[in-house]
Every structure is written in structure tokens, then in C-alpha cells.
Amino acid sequence: MKKLALVLASLVMATFPTMAADINIMSGGAPKEALAVLIPQFEKQTGHHIKMAYMVISALQQKLAAGETPDMVFMPTTAIANLAKEGKLRAEGSAPFGIVKIVTIVKEGAPRPDISTPEAFRATLLKAQSVVYSTPTATPSGAHMAKVVAQLEIADAVEKKVTYRPALDGGVEMVADGKAEIGIYPSSEVIHVKGVTQAGPLPDALQMNLIYGAATTVANPNPEPALAFIRFMTSKDNLGVWKNAGFEPPAN
């Protein structure tokens, strides 16, 4: 009996590597903090190995358009829906994992500006000596801010003082280092950065609720490991991880 058990154990160990999979993922920067917690847990539970590549959304879309074929992507659900229509992503099994809001940040210890209303936010941007947010053509938050300053009729004034730099390229750190007075980014991209303080979310009338999700690519010949990761990420057991990373639960 003991010999049989040893044989069975050796068979399991021999076959396990063939069961485990490498999962290649391309992602925008918003879920990076949550994934730093979830990926090791998933790898430990399943034996699968996650290979992450973080980039701004425009670069991710360009890579997919150029024919790159990761196993799955993490990006805003609107982009996922469009790529599913184009036949690049599978709608089946895709799922949202959280909502992230746009927030204003200042250097830690600096006075928090009034951004409670659109009028107050407008006045704060006009008063600020320097502002940083993501490149409008690179990320959803950057594109949204371009619309906001146009809506507030201060695009020309802001253009003279803004630095366009995605969070992944050090935009948040510019505020921490005192190189920019105000930064405006998704909450998940600033929540764990030392040296900055959130002044609060944009006023509701100017806010963008960015829903992030995951989907497998049509080119992935074995989507089950990636789908298992989606199920793991969206489990109710992991809601606290997403909350701690600056996300709100997606609407049911």
C-alpha cells in the first residue's frame, strides 16, 4: 500500500509541470497594486505562472493591433468590448473586477486644495503653478482630463502649466518630489505611493468611473488557466484586496 502511494505521488509530481501553465498578460497600470498581492496567491494555489507586462492603454492597443498575442489582457471594459467585436478578445469569460475613480493629489504635508465642486476645481487648476496628469492620447484618465479642462473652458491656461506623464512613467512621483503642485490620476495608481496625499476625487459632475476588467485573447489556444485567474481575481474573497488598491466593487 505504501509502495502504491509512493508510485502515485511520483506520477502526480511528474505530470504537474505539464498541467501548470505560463499565462502571459498585458495590462494597463491601474490594477498593478492589487495584482502584486493576488498573483503570488494564485500561483501558489494553482502552480500556474503569471508573466505581466504593464503599459499605458494606447501602447497595449497598438501592440494588439500589430499582431501581438498575449494570453489575456487587463484594461477598461469599454476597450475589451470593442476588441471583442473586432475578434481579438473573447467575450466569454471576461469579467469586470473593479471601478476606479480619478483623484487629485498633492505633496504630503501640503495644504489640500478645494476641489469639492466643478467651480472650486476650476479655480484650483487656475491657481496651481504646475499640474501633471497622463498624456491624453495614452490613457483613459488623460483623455478624460483633456475633456474636463475643455469643459471648464481653461484648456489654454492649463496647457501652459501641465506636464503630461502617465503614472507608470513617474507622474505621481513628480508630485511627491515637489516637481508638480497637483497631480490627477486614477486612485489605484496613487494609493500606495509614498510622499503624496489625496485631496479627494473629482467632483461628481466631472468624474469618470473607470471600470477595469479582464479577458482572454482569441489567439490563446488554451484559455482555461487564464479564465481560472479571472475567476480567482473576481472572487468575493478578494474584494478587500481590490478595495485596498483603490478600487470599488463593480456593479452587479
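Side chains included, hydrogens not; waters and symmetry mates left out as well; all remaining heavy atoms used.
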Only pairs under 3.5 Å count here: list side-chain donor-acceptor contacts from residues 136-143, not counting sequence neighbours, and write none if there are none.
from: Thr139; atom 1: OG1; to: Ser134; atom 2: OG; distance (Å): 2.8
from: Thr139; atom 1: OG1; to: Ser141; atom 2: OG; distance (Å): 3.3
from: Thr139; atom 1: OG1; to: Gly142; atom 2: N; distance (Å): 3.0

Practice problem: Only counting residues at least two apart or in another chain, list the ones meeting side chain to side chain contact (heavy atoms under 4.5 Å, CB included) with Ile211. | Solution: Thr77, Pro96, Ile99
Practice problem: Output all residues satisfying side chain to side chain contact (heavy atoms under 4.5 Å, CB included) with Ala219, sequence neighbours left out; order by chain, then residue number. | Solution: Thr69, Thr217
Self-check item: Linked hydrophobic residues, Ile191 as query - side chain contacts closer than 4.5 Å
Solution: none
Quiz prompt | Taking every non-hydrogen atom, the tightest pair across Ala215 and Leu89 | solution = CB-CD1, 4.3 Å
Self-check item: Partners passing side chain to side chain contact (heavy atoms under 4.5 Å, CB included) against Thr117 (at least two apart in sequence or in another chain)
Solution: Glu119, Ala120
Quiz prompt | Linked, directly or transitively: Ile80 and Met208 (ILVMFWY side chains, under 4.5 Å) | solution = yes
Quiz item: Looking at side-chain heavy atoms only, is the closest gap between Thr135 and Val56 below 4.5 Å?
Solution: no
Practice problem: Mind running side chain to side chain contact (heavy atoms under 4.5 Å, CB included) on Leu210 and His144 for me, showing each step along the way? | Solution: CA-CA 10 Å; Leu210 187 63; His144 181 71; over 6 Å; no
Practice problem: Can you measure from OG (Ser130) to NZ (Lys160) and round to the nearest 0.5 angstrom? | Solution: 15.5 Å
Quiz item: Judged by atom type as modelled, is there a donor-acceptor pair below 3.5 Å linking the side chain of Lys32 to the main-chain atoms of Ser188?
Solution: no
Quiz prompt | Shortest non-hydrogen separation from Asn238 to Phe232 and the atoms involved | solution = ND2-O, 2.7 Å
Report, one line per pair, each donor and acceptor closer than 3.5 Å where one atom sits in a side chain of residues 166-187; sequence neighbours left out.
from: Glu181; atom 1: OE1; to: Gln129; atom 2: N; distance (Å): 2.7
from: Tyr185; atom 1: OH; to: Arg165; atom 2: O; distance (Å): 2.5
from: Ser187; atom 1: OG; to: Gly246; atom 2: O; distance (Å): 2.8

Quiz prompt | Within-4.5 Å side-chain heavy-atom neighbours: Phe229 and Met72 | solution = yes
Identify every side-chain donor-acceptor pair in residues 36-45 under 3.5 Å, counting partners at least two apart or on other chains, and give the distances.
from: Glu43; atom 1: OE2; to: His49; atom 2: ND1; distance (Å): 3.2
from: Glu43; atom 1: OE2; to: Ile50; atom 2: N; distance (Å): 2.8

Exercise. Could you state whether Leu83 and Val218 fall into the same hydrophobic cluster, counting links through intermediate Ile, Leu, Val, Met, Phe, Trp or Tyr residues with side-chain heavy atoms under 4.5 angstrom apart?
Key: no
Quiz item: Going by heavy atoms in the side chains, are Arg90 and Asn220 under 4.5 Å from each other?
Solution: yes
Quiz item: Between Val162 and Ile105, is there a shared hydrophobic cluster once you connect ILVMFWY residues whose side-chain heavy atoms come closer than 4.5 Å?
Solution: no
Quiz prompt | Pairwise side-chain contact, Val241 with Met233, heavy-atom cut-off 4.5 Å (strictly under) | solution = no
Quiz item: Taking only residues two or more places apart in sequence, or in another chain, which ones meet Phe97 in a ring pair (Phe, Tyr, Trp, His ring centres under 6.0 Å)?
Solution: Phe74, Trp242
Quiz item: Which heavy atom in Ala245 sits nearest to a heavy atom in His192, and how many Å separate them?
Solution: CA-NE2, 4.3 Å
Show me, pair by pair, the donor-acceptor contacts under 3.5 angstrom made by side chains of residues 195-207, not counting sequence neighbours?
from: Gln207; atom 1: OE1; to: Ile102; atom 2: N; distance (Å): 2.8
from: Gln207; atom 1: NE2; to: Ile102; atom 2: O; distance (Å): 3.1
from: Gln207; atom 1: NE2; to: Leu202; atom 2: O; distance (Å): 3.4

Self-check item: Atom of Met55, atom of Ala59 and distance for their closest heavy-atom approach
Solution: SD-C, 4.1 Å
Exercise. Identify the heavy atoms of Arg122 and Glu153 that sit nearest to each other, and give their distance.
Key: NH2-O, 3.8 Å
Quiz item: Is it true that Phe247 and Val103 fall in one hydrophobic cluster, defined by side-chain heavy atoms closer than 4.5 Å?
Solution: no
Practice problem: Provide the closest heavy-atom pair for Val131 versus Ala128 in the form atom of the first, atom of the second, distance. | Solution: CG2-CB, 4.1 Å
Quiz item: Taking only residues two or more places apart in sequence or in another chain, which ones pass ring pair (Phe, Tyr, Trp, His ring centres under 6.0 Å) with Tyr133?
Solution: Tyr164
Residues 21-30, side-chain donor-acceptor partners within the protein, below 3.5 Å, at least two apart:
none

Practice problem: Using the test side chain to side chain contact (heavy atoms under 4.5 Å, CB included), find all partners of Leu239 that sit at least two apart in sequence or belong to another chain. | Solution: Lys236, Pro249
Exercise. Please tell me if the side chains of Val73 and Lys88 come closer than 4.5 Å, counting only heavy atoms from C-beta onward.
Key: no
Quiz prompt | Same cluster (ILVMFWY, side-chain, under 4.5 Å), Ile230 and Val100 | solution = yes
Self-check item: NZ-CG distance between Lys51 and Asp71, expressed to the nearest 0.5 angstrom
Solution: 9.5 Å
